[in-house]
Amino acid sequence: MPFKALNLSDQVLRGVQAAGYTDPTPIQLRAIPAVLTGGDLIASAQTGTGKTAAFALPILTRLGTHGRTRVLVLEPTRELAAQVETAFRDFARFTDLRTVAIFGGVGYGTQRTELRRGVDIIVATPGRLMDYLKERTISLQDISILVLDEVDRMLDMGFLPAVKDIIARCPRDRQTLFFSATVPPEIAAVASFALRNPTKVEIGVARSVNASVNHALYPVAFDQKFELLEALLAKTDFDSVLVFSRTKHGADKIARRLKAANHSVAVLHANRSQNQRIEALAGFKSGKYEVMVATDIAARGIDVAGVSHVINYDVPEKPEDYVHRIGRTGRAQAVGDAFTLVTPENAGDIRDIQRFIGQKIPELKLEGFDYKPIVARPAHVLDSKAGAHAKQSRQGGWQRFGGGGGRRRARY
Ligand code: AMP
């Protein structure tokens, strides 16, 4: 079924055409008609499925022309808020509808000016939105459509109280669209608080790794991880490499050492200022930086085309993050390579990942690398944070996804 058959407005269809989309993705096929009816929706779908257009296109069609602030979209991270706002703006280019992105880390000035000019759609992170609500720069009394995107991530980041507060400030008589990769009980409770009689759309958690990605595990002794990373970079013919670290501190450390080894490196994590994050992403996209070191939260959902290699310096915390990370490469038919450095302490996490994706990841050795014996470090040597974490993640397993509460916030 082409987009034309979906009852989108002509102006929005022109926006879709300008974006170069020809056929709707499965979530778009199912969500667009549901959103157009004005009813509530709960969808389990992840980034990469075309979820943004699945809500943006029918919302823009429903709005029609410029009026009051009627739509609020909540996103967990600044990057996603910026990306989703850009998508709205692009699709709305043949309308007179106005959008604004509201997130922390940048000055209040421009955001306030845009708000005063009058906007139809606000795409915001919960923290900065709460600031504006408290100082009464924004009122939610005219919101007729509320989108809660990546709810599981918002809860993971400790935004539950803010999200609840924001929902309660919106008029009861509204349309609510709710997106979450998984819906464990904690999230189901928010859904029942936010939604009325919703249509359910399930696109399923992306468990499979794109067939165009060659992925492999590289077992290594803990204190040779950086050496192996360098050796992989030296031996690999890459264009752009995304290196994942579990922690912000770790990302900084890897970046420092790579810089010292003469690589051009960008860093992306939640402690960087907004300007630094924008510069890092833009520089990585343009080729100014050959390597970007990132944490999961910062990199989630970000669309960077043309990443030739992903290197998991640290094994991801949750199996679905493995799929996300690996999904950064091998996009758009380019064949990508994804390497994961593993130490004996990661055995449990690797088992979880392999079970989750339903396949065994091949183990490789880098030829010519001077490997030390790979043995588990004694418990007392484990850094207390990493040790506590490894234990927690094995006990909880990936099914506890979403149950981490605010604890994780500080680490990313
Ligand atoms: P999302 O899941 O919204 O982050 O979208 C993932 C990527 O798919 C983005 O780069 C979108 O521009 C792209 N995309 C979304 N819908 C379509 C479509 N119908 N046809 C082609 N590309 C799409």
Side-chain angles (χ1 to χ4, degrees), residues 1-8 12-36 41-61 71 73-93 99 101 121 123 125 147-154 177-182 201-210 212-213 242 281-282 284-285 294 296-307 320-321 323-334 336:
M1 189 193 280
F3 275 104
K4 258 201 204 109
L6 285 173
N7 285 329
L8 296 167
V12 171
L13 275 177
R14 285 177 66 197
V16 171
Q17 234 171 13
Y21 298 0
T22 47
D23 298 300
T25 65
I27 187 164
Q28 290 161 4
L29 275 177
R30 296 178 53 197
I32 291 172
V35 178
L36 285 175
L41 176 85
I42 178 163
S44 61
Q46 298 187 329
T47 28
T49 53
K51 149 169 92 74
T52 314
F55 59 80
L57 302 176
I59 285 177
L60 293 169
T61 296
V71 179
V73 182
L74 285 185
E75 295 288 341
T77 64
R78 301 161 184 185
E79 282 77 13
L80 274 172
Q83 192 170 298
V84 168
E85 194 260 343
T86 305
F88 263 100
R89 199 160 5 102
D90 284 349
F91 294 133
R93 72 174 80 171
T99 62
I121 299 151
V123 184
T125 54
V147 181
L148 304 168
D149 195 18
E150 306 250 340
V151 179
D152 44 1
R153 277 282 143 153
M154 290 203 278
L177 314 177
F178 191 102
F179 295 84
S180 192
T182 57
V201 174
E202 257 181 69
I203 297 300
V205 181
R207 282 167 177 255
S208 60
V209 171
N210 189 331
S212 63
V213 179
L242 197 46
L281 253 184
F284 186 59
K285 283 184 182 178
D296 287 292
I297 284 219
R300 187 174 174 106
I302 284 169
D303 201 7
V304 249
V307 173
E320 58 271 27
D321 282 336
V323 179
H324 281 135
R325 290 179 178 190
I326 303 298
R328 307 291 101 206
T329 183
R331 283 192 163 214
Q333 272 77 55

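Given the structure is predicted, the values throughout are model-derived calculations rather than measurements. Read the numbers this way: they start at 1 and go in the same order the structure lists the ligands and their atoms.
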Are side-chain heavy atoms of Leu41 and Phe178 found at a separation under 4.5 Å?
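In short, these two side chains do not touch, never coming nearer than 4.5 Å.
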
Are the side chains of Leu29 and Phe3 in contact, using a 4.5 Å heavy-atom criterion?
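Heavy-atom side-chain distance check fails, nothing below 4.5 Å.
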
If I apply the N/O under 3.5 Å rule, does [X] come out as touching ligand 1?
| X | result |
| --- | --- |
| Gln83 | no |
| Phe3 | no |
| Gln28 | yes |

Electrostatic pair Glu202:Arg30 at N-O distance under 4.0 angstrom:
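Result for this pair is no, no salt bridge flagged.
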
Between Thr25, Leu80, Thr52, flag the one that comes closest to atom 3 (O) of ligand 1 by a heavy atom.
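Residue with the shortest heavy-atom distance to the ligand atom: Thr52.
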
Ring centroid separation Tyr21 to Phe91 under 6.0 Å:
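Centroid separation for Tyr21 and Phe91: below 6.0 Å.
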
Give a yes-or-no answer on whether the side chains of Thr125 and Glu75 include a donor-acceptor pair shorter than 3.5 Å.
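No pair is found: no donor N or O on one side chain lies under 3.5 Å from an acceptor on the other.
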
With heavy-atom distances below 4.0 Å as the criterion, list the atoms of ligand 1 near Asp23.
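With Asp23 as reference, the close atoms of ligand 1 come out as 18 (C), 19 (N), 20 (N).
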
Check ligand 1 against Lys51 and write out every atom of the ligand that is under 4.0 Å from a heavy-atom position of the residue.
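Near Lys51, the atoms of ligand 1 are 1 (P), 2 (O), 3 (O).
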
